[in-house]
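Worksheet for the structure shown next.
Since we're looking at a predicted model, the values are computed, not measured.
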Amino acid sequence: MYPCLQEWIRTCFCEIFIQRPAVLRGACLGPCLDKWTTQYLREKGGDLEVKVHVSTVPTMDFLHKNFVYKTLPFSEFVKRASEKRHSDFFLCEDESYYLRSLGEDVRKEPADIKKQFPVLAEDFKIPEFFDQSQFFSSVFRISSRGLQLWTHYDVMDNLLAQVTGTKRVVLYSPQEALYLYMSGDKSEVLDIDSPDLQKFPEFVKAKRHECVLQPGDLLFIPALWFHNTLALEFGVGVNVFWRHLQADSYDKRDPYGNKDPVAATRALQALERALHTLDTLPPEYRDFYGRRMVQRVQKRTYTTSNEPKDGEECEVTNPG
């Protein structure tokens, strides 16, 4: 029996969950679980202006930017995001809203709920899963019902705390990257439930793992794991990111925590230069030496998979 929940959680992370997603139920997130009603949020947020995503469709696509950015008083934003149809709107009466909080200087400073929403931050207890020196950001998120975000990965470990509403999260292991049709850190497959298999035939090979988060749940998302979220209800949550590599491994100009580590960026750039060099050879030579390069990359970098079995849901643990 562990004397406190935090010690139990630390032990689990060290011994069981490292590099695999896990849902933790019953962790103490503070009074936010009881307090954060729409009325309470509107009262405490007041006239603070926030920049939000607005889209005519609930599936937001960051690759093709099928949304616009608009600024609203926080109170008005919460009102609209919690409605099914709007009397006041920008694009259409059933438009969808999404808030991802930003730092004061959006180009340099990571989001921190304690700085952007200090009153609400008093209600939320950041789980102590890491040393405070590793802390990177705490991102306040609010989604309209039905809002689905694009599949992407982050380069830091993070926790998704579901405070209100329910949310489905679909995850793919980093080993599935070859089947996800990547463009940068994002997948080009927008509809993961009914994908266009003529355009994305390899997507069927990607092993899918999913869970539904209830209020009070924590989802541990390891670095490089792809994730796609669908708000089943109007919902409020907080993402907490922390550095698990040395600080100088990360791009210092990245306030979002989603730029590839410096060494990875350099390696990808070197690969592009190598491929450009191969372009000077005839096709049969490019094919031959390209295959040799793939073989060497596989031998030097591929590791044994540490993911759940095919079709297995995220591990769920209840410390209570």
Side-chain angles (χ1 to χ4, degrees), residues 3-10 13 23-53 71-82 97-106 108-144 154 156-167 213-221 229 231 233-243 255-257 318-320:
C4 69
L5 174 62
Q6 296 302 340
E7 182 180 342
W8 181 90
I9 290 173
R10 286 177 183 273
F13 262 61
V23 177
L24 303 179
R25 305 198 193 281
C28 178
L29 299 181
C32 57
L33 293 173
D34 297 317
K35 285 187 173 183
W36 284 7
T37 63
T38 55
Q39 181 179 351
Y40 180 84
L41 292 171
R42 295 186 66 191
E43 289 176 356
K44 297 302 181 182
D47 294 330
L48 174 69
E49 290 196 337
V50 289
K51 189 175 183 180
V52 300
H53 302 67
T71 301
L72 282 170
F74 185 79
S75 177
E76 176 65 16
F77 159 69
V78 172
K79 172 183 174 293
R80 295 194 192 186
S82 62
Y97 293 83
Y98 171 58
L99 167 67
R100 188 246 191 243
S101 64
L102 303 170
E104 299 303 320
D105 185 336
V106 298
K108 298 180 180 179
E109 184 180 354
D112 186 344
I113 190 173
K114 292 182 179 180
K115 295 180 180 180
Q116 285 84 56
F117 300 91
V119 176
L120 293 174
E122 293 178 359
D123 302 329
F124 179 77
K125 180 178 176 60
I126 294 180
E128 298 176 1
F129 288 17
F130 51 89
D131 188 277
Q132 285 304 302
S133 63
Q134 297 175 284
F135 174 81
F136 178 75
S137 66
S138 52
V139 183
F140 190 48
R141 300 182 189 273
I142 299 180
S143 304
S144 293
D154 300 297
M156 297 183 190
D157 288 344
N158 74 92
L159 288 166
L160 173 56
Q162 191 70 17
V163 180
T164 73
T166 57
K167 178 175 290 183
L213 300 181
Q214 306 289 338
D217 287 350
L218 283 172
L219 172 62
F220 170 56
I221 306 176
T229 63
E233 301 171 315
F234 165 76
V236 182
V238 181
N239 252 146
V240 182
F241 294 82
W242 65 93
R243 303 180 182 91
Y256 296 97
N318 189 335

Over all heavy atoms of both residues, which pair between [X] and [Y] is shortest? Give the atoms and the distance, please.
X    : Y    : value
V119 : K44  : CG1-CD, 3.8 Å
I113 : S138 : N-OG, 2.9 Å
P215 : G165 : CD-O, 3.4 Å
V106 : P255 : O-CG, 3.3 Å
G103 : Q116 : CA-NE2, 3.7 Å

[atom1]/[X] to [atom2]/[Y] distance, rounded to the nearest 0.5 angstrom?
X    : Y    : atom1 : atom2 : answer
T166 : F234 : OG1   : CZ    : 12.5 Å
F136 : D157 : CZ    : CG    : 13.0 Å
F220 : F129 : CZ    : CZ    : 9.5 Å
R100 : R141 : CZ    : CZ    : 5.5 Å
Q214 : T164 : CD    : OG1   : 11.5 Å
H53  : S143 : NE2   : OG    : 10.0 Å

Could you check if a side-chain atom of [X] sits within less than 4.5 angstrom of a side-chain atom of [Y], using non-hydrogen atoms only?
X    : Y    : answer
V139 : Y256 : no
L24  : D217 : no
L72  : Y97  : yes
L218 : L29  : yes
L41  : F74  : yes
L160 : K167 : yes

**Item:** Within 6.0 angstrom of Q39 CD, more than 12 heavy atoms from elsewhere
**Value:** no
**Atom CG of D47: over 12 foreign heavy atoms under 6.0 Å** = no
Do [X] side-chain atoms and [Y] backbone N/O form a donor-acceptor pair below 3.5 Å?
X    : Y    : result
D154 : M156 : no
Q162 : G237 : no
E76  : P73  : no
S101 : A111 : no

**Request:** Could you walk me through whether L159 and W242 pass side chain to side chain contact (heavy atoms under 4.5 Å, CB included), step by step?
**Result:** CA-CA 9 Å; L159 288 166; W242 65 93; 3.7 Å; yes
**Request:** Could you please spell out the steps behind the side chain to side chain contact (heavy atoms under 4.5 Å, CB included) verdict for V163 and L33?
**Result:** CA-CA 6 Å; V163 180; L33 293 173; 4.3 Å; yes
**Message:** In this structure, is the centre-to-centre distance between the rings of W36 and F117 below 6.0 Å?
**Reply:** no
